[in-house]
Amino acid sequence: MSTPADKGAVATQAAGGAIRLPAVHLILSDAGCESLIAEYGRVQTLEAARALLAELRAMLLAARDGGAAAALAAAPDTTIPSLIAMLGARLRDQNTSPLRPVFNLTGTVLHTNLGRALLPDSAVQAVVDAMRWPMNLEWDIDTGKRGDRDNLIEELLLELTGAEAATIVNNNAAAVLLMLNTVALNKEVIVSRGELVEIGGAFRIPDVMTRAGAILREVGATNRTHLKDYDEAAGPQTALMMKVHTSNYAITGFTKSVELDELSPLAKKHNIPLAVDLGSGTLVDLEQYGLPHETTVRETIEGGADLVTFSGDKLLGGPQCGIIVGRKDLIAQIKKNPLKRALRVGKLTLAALEPVLALYRAPDLLPERLTTLKLLTRPAAEMRAQAQTLLPLLQAALGANYTVTDEAMTSQIGSGALPVDQLPSHGLVVRPAATGRISNALGVLEQRLRALPLPVIGRVAQDALWLDLRCLQAHQQQRFIEQLALLTA
Ligand SMILES: *Cc1c(COP(=O)(O)O)cnc(C)c1O
């Protein structure tokens with residue numbers, strides 16, 4: 001229970017006596033509050049002030065009821081300037097976006113939890129324009145008639161993949177769902193047992209198949225599937241044969257899988273379309289940049305696939321989206337499915353995707369221009385030089401409780417691309433100086449790095465924190481250095 005007391009102060013009655021806090025209107029009318037009201041608005045500032053006072057009141061009561069000593073220990077400064085400072089901190093805090101930029105020093109370039117591909121500046125600029133201007137999203141400028149948003153990038157996709165037609169949806173999971181629902185509703189889809197993948201928990205081929213209304217027909221064994229397994233399963237009930245890229249694992253040892261060049265003639269013999277979920281959509285041969293080979297979309301189309309699905313934000317290096325390319329008649333059916341409307345992409349995605357695809361017309365310049373490829377092809381020597389610059393700065397910021405060294409390490413491409421291949425990299429390794437409670441010291445360190453304005457995310461392994469510098473881009477290094485001062489404080 002609270003009652004107004006002398007001159008606006010509020011007294012809360014409780015067993016041991018009154019607790020005094022200024023009335024909310026005295027805080028809001030104070031000159032010190034003007035800048036907060038200007039920034040956050042009167043309504044929000046008033047609500048935050050009320051919430052702050054309610055919390056303080058509860059705290060003071062609890063402390064007093066816990067005894068005089070506790071009350072004294074916990075007593076906050078309840079003068080108006082101090083309350084306004086608390087109010088400012090509270091408002092700043094609640095207005096900080098929960099989605100924030102971070103430093104990805106995990107060594108995984110396409111990190112799904114950290115947003116996958118970073119986009120090149122040309123795509124960034126296109127998105128800015130698309131947010132500020134009306135766009136001919138579904139408007140044919142040549143004819144002045146209604147258009148189709150897929151047309152904006154279809155031609156470019158056909159040029160880059162050799163396919164007959166293309167369509168875009170929200171992500172590759174949506175692409176697979178839409179494809180199955182269109183081509184195989186209430187019919188069977190033949191998939192090898194060795195390819196029934198789960199990608200990041202929620203996306204499992206058997207589950208997507210069920211949700212799409214298709215019937216999974218598993219063939220072969222986990223480690224070995226033969227052409228005759230597909231042949232024997234095919235029949236009038238079959239709508240599709242499907243191959244799925246085993247993105248995040250490798251089956252080694254006594255194995256056999258049926259490659260596209262064998263499966264394609266069989267699918268043709270049965271007159272059944274053949275689909276490939278490629279996962280990471282690679283549009284160029286990565287070997288020319290010194291990276292391991294990953295089957296390209298063009299190779300898959302040329303190998304006889306009738307439909308190919310892949311992600312926009314994995315190796316392709318673009319925005320989140322799912323791309324389906326393939327036979328004209330099948331793509332036309334897919335585009336007519338009402339689910340396409342529910343899964344379609346927005347203008348910001350299309351705005352970002354077009355300039356990224358356009359970069360592929362100059363494959364020789366791609367490692368300079370496409371951010372993802374630039375990061376994947378950074379020479380280890382460059383990261384080593386960077387590590388040597390940063391080492392003394394990080395060591396000074398962390399103090400004597402930690403030892404920082406620069407060491408060779410390996411990065412991963414991530415997002416299920418080339419799961420077994422590792423890229424030679426270089427970075428900083430931080431070890432707690434004292435033996436003993438190492439895991440505790442590492443936990444504290446990780447937390448301090450995460451608490452920075454631009455959280456630094458590394459990887460804990462072998463009693464050390466590993467900071468792979470592959471993804472610390474030159475133009476972002478200064479920001480990294482500047483905030484090291486906050487570690488010392
Ligand atoms: C990544 C992946 C998907 C899911 O793609 P999203 O774009 O994340 O929806 C589906 N299939 C395979 C084989 C993949 O690697």
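Atoms within each ligand, like the ligands themselves, are counted from 1 in listed order.
- Ligand 1 places these atoms under 4.0 Å from at least one heavy atom of S311: 5 (O), 6 (P), 7 (O).
- Within ligand 1, counting atoms from 1 as listed, the ones closer than 4.0 Å to a heavy atom of G279 are 12 (C), 13 (C), 14 (C), 15 (O).
- Residue K243 places every heavy atom at 4.0 Å or more from ligand 1.
- Close approach of ligand 1 to D277 (heavy-atom distance below 4.0 Å) involves ligand atoms 10 (C), 11 (N), 12 (C), 13 (C).
- In terms of polar-atom proximity, defined here as any N/O pair under 3.5 Å, D313 makes no such contact with ligand 1.
- From L307, atom CG reaches atom OG1 of T182 across 9.0 Å, with rounding to the nearest 0.5 Å.
- Within ligand 1, the atoms closer than 4.0 Å to a non-hydrogen atom of R116 are 6 (P), 7 (O), 8 (O), numbered from 1 in the order shown.
- Less than 4.0 angstrom separates some heavy atom of H245 from each of these atoms of ligand 1: 13 (C).
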Please list every donor-acceptor pair under 3.5 Å in which a side-chain atom of residues 232-240 meets a protein atom from a residue at least two apart or in another chain.
{"residue": "Q237", "atom": "NE2", "partner": "A233", "partner atom": "O", "Å": "3.3"}
{"residue": "T238", "atom": "OG1", "partner": "G235", "partner atom": "N", "Å": "2.9"}
{"residue": "T238", "atom": "OG1", "partner": "G235", "partner atom": "O", "Å": "3.1"}

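- Side-chain contact between P379 and E382 is present, with at least one heavy-atom pair separated by less than 4.5 Å.
- Considering both main-chain and side-chain atoms, L278 never comes within under 3.5 Å of ligand 1 through any nitrogen or oxygen pair.
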Please report the C-alpha distance between E407 and R431 in whole Å, then the side-chain angles of each, then the deciding distance to 0.1 Å, and finally whether the salt bridge (Lys or Arg N to Asp or Glu O under 4.0 Å) criterion is met.
CA-CA 12 Å; E407 292 180 30; R431 292 185 178 85; 3.0 Å; yes
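- Look at E138 and R149 and you find a salt bridge, because one of the NZ, NE, NH1 or NH2 atoms lies within 4.0 Å of a carboxylate O, short of that distance.
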Tabulate below the donor-acceptor pairs under 3.5 Å that side-chain atoms of residues 210-219 make, not counting sequence neighbours, or state none.
{"residue": "T210", "atom": "OG1", "partner": "P206", "partner atom": "O", "Å": "2.9"}
{"residue": "R217", "atom": "NH1", "partner": "E188", "partner atom": "OE1", "Å": "3.3"}
{"residue": "E218", "atom": "OE1", "partner": "R193", "partner atom": "NE", "Å": "2.8"}

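- Backbone and side-chain nitrogen or oxygen atoms of K314 are examined, and one is located within less than 3.5 angstrom of a nitrogen or oxygen of ligand 1.
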Check against salt bridge (Lys or Arg N to Asp or Glu O under 4.0 Å), D229 and R224:
CA-CA 10 Å; D229 296 326; R224 289 172 73 85; over 6 Å; no
